[in-house]
S.K.: 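Sharing a structure here in structure tokens format.
Being a predicted model, the structure only gives us computed values, none of them experimental. For the single chain, residues carry numbers from 1 onward in sequence order.
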Amino acid sequence: MQHCLNCNEKFKYKQIMRSSMYGYKPVVCSHCGEAHAVTLDSRFRIAIVIAAFPMLATQFIWGNFKYERVFFYILTIIPLIFMVPFLMKYRRIKN
């Protein structure tokens, strides 16, 4: 997980999850108060991992539409959502 670029304090898992669930709002370091924003590269990476990867995996396993495919897709997305904080990268917000 990423750390503060000012004081090198590690961000908490809960802070990053909250940031990603509320539209990528900035994360503020609890130690020094420096604000960090999510990079555009991270947003694309998250979109690919959450949306495209499970769809491609289900398409590979089942060619035609089946209800098992939707169930598998949902079961694949849930662990990926909890991996989001490990994929996020931040940059300092310039005031």
S.K.: Are Y90 and S19 side-chain neighbours, meaning at least one heavy-atom pair lies under 4.5 Å?
M.R.: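 Side-chain contact under 4.5 Å: yes.
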S.K.: Any donor and acceptor pair, going by atom type alone, linking the side chain of Y13 with main-chain N or O of F82 inside 3.5 Å?
M.R.: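 Yes, because the side chain of Y13 sits within donor-acceptor range (under 3.5 Å) of the backbone of F82.
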S.K.: Look at atom NE2 of H3 and say whether more than 12 heavy atoms of other residues, nucleotides or ligands are closer to it than 6.0 Å.
M.R.: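 Above 12, so yes.
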S.K.: Is there side-chain contact between V27 and K12, with heavy atoms separated by less than 4.5 Å?
M.R.: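 No; the side chains remain at least 4.5 Å from each other.
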S.K.: Check V28 against G33 and note the closest heavy-atom contact, atom names and distance.
M.R.: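 So the two residues come closest at CG1-O, 3.6 Å.
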S.K.: So, taking the atom named CG in L75 and the one named CG in L80, what distance separates them when rounded to the nearest 0.5 Å?
M.R.: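 With rounding to 0.5 Å, CG (L75) is 11.0 Å from CG (L80).
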S.K.: Starting from F44, can I reach V49 by hopping between I/L/V/M/F/W/Y residues whose side chains sit under 4.5 Å apart?
M.R.: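 No, V49 does not connect to F44 through the hydrophobic network.
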S.K.: Please name all residues satisfying side chain to side chain contact (heavy atoms under 4.5 Å, CB included) with R92, sequence neighbours left out, ordered by chain then number.
M.R.: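 For R92 the side chain to side chain contact (heavy atoms under 4.5 Å, CB included) partners, ignoring immediate neighbours, are L5, N6, E34, H36.
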S.K.: Where do L87 and S42 come nearest, in terms of heavy atoms and distance?
M.R.: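 Nearest pair, atom of L87 first, then S42: O-OG, 3.9 Å.
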S.K.: Taking the side chain as every heavy atom from C-beta outward, state whether S20 and M88 have any pair of such atoms under 4.5 Å apart.
M.R.: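 When only atoms from C-beta onward are counted, M88 and S20 do touch, with a gap below 4.5 Å.
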S.K.: About how many Å separate CE of M17 and OH of Y22, when rounded to the nearest 0.5 Å?
M.R.: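 So the gap between those two atoms works out to 10.5 Å.
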S.K.: Should I50 and F86 be counted in the same cluster of Ile, Leu, Val, Met, Phe, Trp and Tyr side chains packed under 4.5 Å apart?
M.R.: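 Both belong to a single hydrophobic cluster.
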S.K.: side-chain contact (heavy atoms from CB on, under 4.5 Å), that's the test. Do M21 and I81 meet it? Break it down for me.
M.R.: CA-CA 10 Å; M21 294 297 168; I81 289 173; 3.6 Å; yes
S.K.: For the atom pair CD (E9) and SG (C32), what is the distance rounded to the nearest 0.5 Å?
M.R.: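 Atom-to-atom, E9:CD and C32:SG are 8.5 Å apart.
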S.K.: Rounded at 0.5 Å granularity, tell me how far CG in L40 sits from CZ in R45.
M.R.: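 Rounded to the nearest 0.5 Å, the CG-CZ separation comes to 10.5 Å.
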